[in-house]
Novice: 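What follows is a structure written as structure tokens; I'll ask about it next.
The structure displayed is predicted, hence computed values, not measured ones.
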Amino acid sequence: MSLSNSFQSYGGVAKTFHWLTALLILTALPLGLIADNLAEAVIDPAIASTDADVARAALLFSLHKAVGVTVFFVALLRILWALTQPKPGLLNADHKLEALAAETVHWLLYGSLVFVPLTGWIHHAATTGFAPIWWPFGQNLPFVPKDAHVAELFAGLHYVLQWVLIGALVLHIAGAVKHHVIDRDMTLRRMLPGSSDLPQPPAQKHSLLPLLCALILWGGALLGGSMIGVYSHATDQAEVAELEAVQSDWQVTEGTLAITVQQFGSPVSGAFADWTAAITFDEPSAPGPAGSVDVTISIGSLTLGSVTDQAMGADFFNVEAFPTATFKGEIIKTETGYEATGPLTIRDQSVPITLPFALDLQDTTATMTGALQLNRLDFAVGAHMPDEGSLGFGVSVDINLTATRGQ
């Protein structure tokens, strides 16, 4: 058997690429669908998920991603090889509509084999946490930022394009079965190892019409995805507490309230987009009381990489029952800096904390940076995960803000 293609037959290299791709796709698709179902069960408040459930979903997602990246590179190699080879002619080229459909499906397959894993890979690179790709080359991609909107867009594209791939795959298999069972020609046999005595395809001309049809189908699928809103995450507004403005001697002009957790030994970082702080402060000449701070945080405004939805669930922050967290602290000047001491309340669990922070005062502008470490179990967050197998106990909190004194 020749390794190269001819107008009459496929060579050994093309056959190997074909069946290797088929094996990878038929592995990746069910892995992804099963993992999605497990992930939905994990974040479903009606289902009591366990540490083992989360670990199982992460395992399947990691397998799915690793196979998907392999599909991407195999597809690129397959396309590069095809560009160097003559294209075997269609045995049914005389049936114009059927030939057009076959070539359109081939374009859909080739494009999907590149863009489905690529969009999934970009989604993975744009988010953090949960199910790393099993390979030694890192989890990031050049020019892909860690950005929730980018992640949502490419998650939607991946979802839509995977159904284009599934549809094209079904049509491709149906066409092969038709050729073999109904037409009884050699279309399927010439992709099998060791095929010989293959017929000569009829003379035929190739045009850009199949590619145009494939582009129209892709465009229709992407437009349909946009119409049903798969490219952006629709947050349940009932779960996001809308905070009212507060009266404060110092007005926060900018700032971040970020947290980092450890999932499967890797850091996952996120931030709260909506929080308020009522601050009173007068710098004392000596160590002692300096003011107070009253902070309210909208839990539903948190973005936490790929585990945001899970974090909102009943087993974790339980945003539906506890939409806000609060901290009421006394600001104290110490010998070395400042600290805010008082109760932090999350999920109706109040724990006294001390937040050390640095303060830079410039006239009527103050810049504050602080950090502390919390234990999630103190607030009954993830209480059904009493060990650190998938989710660490420690939660790092980092606060940066700039405030100006009111007139």
Novice: Could you note down all residue pairs passing salt bridge (charged side-chain N to carboxylate O under 4.0 Å, His left out) where residues 213-229 supplies at least one of them, sequence neighbours left out?
Specialist: none
Novice: Tell me if a side-chain donor or acceptor on His123 pairs with a main-chain N or O of Phe154 at a distance below 3.5 Å.
Specialist: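 Not at all, since once roles are kept as given, no pair shorter than 3.5 Å links the two residues.
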Novice: Between atom CG of Asp183 and atom CG of Leu188, what is the distance when rounded to the nearest 0.5 Å?
Specialist: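 Answer rounded to 0.5 Å: 11.5 Å.
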Novice: Which pairs with one or both residues in residues 285-297 pass salt bridge (charged side-chain N to carboxylate O under 4.0 Å, His left out), sequence neighbours excluded?
Specialist: Asp294-Lys328
Novice: Extract all donor-acceptor atom pairs below 3.5 Å that involve side chains of residues 349-361 and protein atoms in other chains or at least two apart in sequence.
Specialist:
| from | atom 1 | to | atom 2 | distance (Å) |
| --- | --- | --- | --- | --- |
| Ser350 | OG | Thr345 | OG1 | 2.6 |
| Asp360 | OD1 | Gln362 | NE2 | 3.2 |

Novice: Take His18 and Arg78 through the side-chain contact (heavy atoms from CB on, under 4.5 Å) test and state the conclusion after the steps.
Specialist: CA-CA 8 Å; His18 178 275; Arg78 182 179 179 182; 3.5 Å; yes
Novice: Below 4.5 Å, heavy atoms only, C-beta onward: do Tyr10 and Pro88 meet side chain to side chain?
Specialist: yes
Novice: So, the side chain of Thr119 versus the backbone of Val116: is there a donor-acceptor pair under 3.5 Å, distance only?
Specialist: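 The answer is yes, because a donor-acceptor pair under 3.5 Å joins these two groups.
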Novice: Taking the six-membered ring for Trp, are Phe281 and Tyr338 ring centroids under 6.0 Å apart?
Specialist: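 Yes; Tyr338 has its ring centre under 6.0 Å from that of Phe281.
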Novice: Does Leu243 have any side chain to side chain contact (heavy atoms under 4.5 Å, CB included) partners at least two apart in sequence or in another chain, and if so, which?
Specialist: Ala241, Asp274, Thr276, Thr296, Ser298, Thr324
Novice: Tell me, please, which residues at least two apart from Phe72 pass ring pair (Phe, Tyr, Trp, His ring centres under 6.0 Å).
Specialist: Trp121
Novice: For residues 120-145, pull every pair meeting salt bridge (charged side-chain N to carboxylate O under 4.0 Å, His left out), keeping only residues two or more places apart or in separate chains.
Specialist: none
Novice: Nearest 0.5 Å please: distance from the CG atom of Leu38 over to the CZ atom of Phe61.
Specialist: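 The distance works out to 8.0 Å.
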Novice: Is the number of heavy atoms from other residues, nucleotides or ligands under 6.0 Å of Leu83 CG greater than 12?
Specialist: yes
Novice: What donor-acceptor contacts under 3.5 angstrom involve side-chain atoms of residues 97-109, with partners at least two apart or in another chain?
Specialist:
| from | atom 1 | to | atom 2 | distance (Å) |
| --- | --- | --- | --- | --- |
| Glu98 | OE2 | Asn92 | ND2 | 3.1 |
| Glu98 | OE2 | Lys178 | NZ | 3.1 |
| Glu103 | OE2 | Lys87 | NZ | 3.0 |
| Glu103 | OE2 | His206 | ND1 | 2.8 |
| Thr104 | OG1 | Leu100 | O | 2.8 |
| His106 | ND1 | Ala102 | O | 2.9 |

Novice: Walk me through whether Ser269 and Thr260 qualify under side-chain hydrogen bond (donor to acceptor under 3.5 Å, both in side chains).
Specialist: CA-CA 4 Å; Ser269 298; Thr260 301; 2.9 Å; yes
Novice: With a 4.5 Å heavy-atom cut-off, do Phe17 and Val13 have their side chains touching?
Specialist: yes
Novice: Using modelled atom types and a 3.5 Å cut-off, is there a donor and acceptor pairing between side-chain atoms of Thr70 and backbone atoms of Ala66?
Specialist: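 Pair found, side chain donor or acceptor close to backbone of Ala66.
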Novice: Does any part of the side chain of Ile25, heavy atoms only, come nearer than 4.5 Å to the side chain of Leu165, both counted from C-beta?
Specialist: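 The answer is yes, as the side chains (C-beta and beyond) meet within the 4.5 Å cut-off.
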Novice: Thr303 side chain to Gly270 main-chain N or O, any donor-acceptor pair under 3.5 Å?
Specialist: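 Checked: no pair found.
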Novice: Provide the closest heavy-atom pair for Ser112 versus Pro117 in the form atom of the first, atom of the second, distance.
Specialist: O-CD, 3.5 Å
Novice: Do we see a donor-acceptor contact under 3.5 Å between the side chains of Gln373 and Ser396?
Specialist: yes
Novice: Is there a side-chain contact between Arg405 and Gln251, using heavy atoms and a 4.5 Å cut-off?
Specialist: no
Novice: To the closest 0.5 Å, what do you measure between CD1 (Ile122) and CG (Leu157)?
Specialist: 8.5 Å
Novice: Who pairs with Glu339 by salt bridge (Lys or Arg N to Asp or Glu O under 4.0 Å), at least two apart in sequence or on another chain?
Specialist: none
Novice: Identify, with sequence neighbours excluded, every residue that meets ring pair (Phe, Tyr, Trp, His ring centres under 6.0 Å) alongside Phe317.
Specialist: none
Novice: Say you draw a straight line from CD of Gln262 to CZ of Arg376; how long is it, rounded to the nearest 0.5 Å?
Specialist: 12.0 Å
Novice: Specify the closest pair of heavy atoms between Ala221 and Val164, including all atoms of both residues, with the distance to one decimal.
Specialist: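 Reported closest heavy-atom pair: CB-CG2, 3.6 Å.
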Novice: Taking the side chain as every heavy atom from C-beta outward, state whether Ile259 and Leu304 have any atom pair closer than 4.5 Å.
Specialist: yes
Novice: Side chains of Ser4 and Gln85: does their closest heavy-atom pair fall under 4.5 Å?
Specialist: yes
Novice: Can you name the side chain to side chain contact (heavy atoms under 4.5 Å, CB included) partners of Val293, sequence neighbours left out?
Specialist: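 Val293: side chain to side chain contact (heavy atoms under 4.5 Å, CB included) contacts with Ile279, Val295, Phe327, Ile331, Ala340.
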Novice: Go through the steps to decide whether His180 and Arg189 satisfy the test side-chain contact (heavy atoms from CB on, under 4.5 Å), and finish with yes or no.
Specialist: CA-CA 8 Å; His180 192 71; Arg189 291 190 183 93; 3.7 Å; yes
Novice: Side-chain contact test, heavy atoms from C-beta onward, threshold under 4.5 Å: evaluate it for Glu152 versus His149 and give yes or no.
Specialist: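 Glu152 vs His149: side chains touch.
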Novice: Around Phe322, counting heavy atoms of other residues, nucleotides and ligands shown, do more than 12 lie under 6.0 Å from its CZ?
Specialist: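 More than 12 within 6.0 Å, yes.
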Novice: Taking only residues two or more places apart in sequence, or in another chain, which ones meet Pro30 in a side chain to side chain contact (heavy atoms under 4.5 Å, CB included)?
Specialist: none
Novice: What is the distance from atom CG of Leu377 to atom CG of Asp387, rounded to the nearest 0.5 Å?
Specialist: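 Output value for this atom pair is 9.5 Å.
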Novice: Output yes when a side-chain donor or acceptor of Thr84 lies under 3.5 Å from a complementary backbone atom of Trp81, and no otherwise.
Specialist: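 Answer holds: yes.
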Novice: Quick one: side chains of residues 131-142, donor-acceptor pairs under 3.5 Å with protein atoms, not counting sequence neighbours, listed by atom name and distance.
Specialist:
| from | atom 1 | to | atom 2 | distance (Å) |
| --- | --- | --- | --- | --- |
| Trp135 | NE1 | Gly138 | O | 2.9 |
| Gln139 | OE1 | His124 | NE2 | 2.7 |
| Gln139 | OE1 | Ile133 | N | 2.8 |
| Gln139 | NE2 | Ile133 | O | 3.1 |
| Asn140 | OD1 | Lys146 | NZ | 2.9 |

Novice: Would Phe316 and His384 count as a close aromatic pair, with their ring centres under 6.0 Å?
Specialist: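 Ring-ring flag for Phe316/His384: true, centres closer than 6.0 Å.
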Novice: Could you tell me if Thr280 and Ser292 have a donor-acceptor pair between their side chains, going purely by distance under 3.5 Å?
Specialist: yes
Novice: As a quick check of understanding, evaluate side-chain contact (heavy atoms from CB on, under 4.5 Å) for Leu257 and Ile297, giving each step before the final call.
Specialist: CA-CA 9 Å; Leu257 176 55; Ile297 304 163; 3.5 Å; yes
Novice: To the nearest 0.5 angstrom, please state how far the CG atom of Leu161 sits from the CG atom of Leu222.
Specialist: 5.5 Å
Novice: Does the side-chain contact (heavy atoms from CB on, under 4.5 Å) test come out yes or no for Arg184 and Ile182, once each step is laid out?
Specialist: CA-CA 6 Å; Arg184 297 184 180 276; Ile182 299 175; over 6 Å; no
Novice: Locate the shortest heavy-atom distance separating Val67 from Leu31; write the atom from each residue and the value.
Specialist: CG2-CD1, 4.4 Å
Novice: If I compare all heavy atoms of Val114 with all of Ala75, which pair ends up nearest, and what's the gap?
Specialist: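 For Val114 versus Ala75, the nearest heavy atoms are CG2-CB, 4.2 Å.
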Novice: Would you say the side chain of Leu401 lies within less than 4.5 Å of the side chain of Trp275, judging by non-hydrogen atoms?
Specialist: yes
Novice: Are the side chain of Gln204 and the backbone of Leu90 linked by a donor-acceptor contact shorter than 3.5 Å?
Specialist: yes
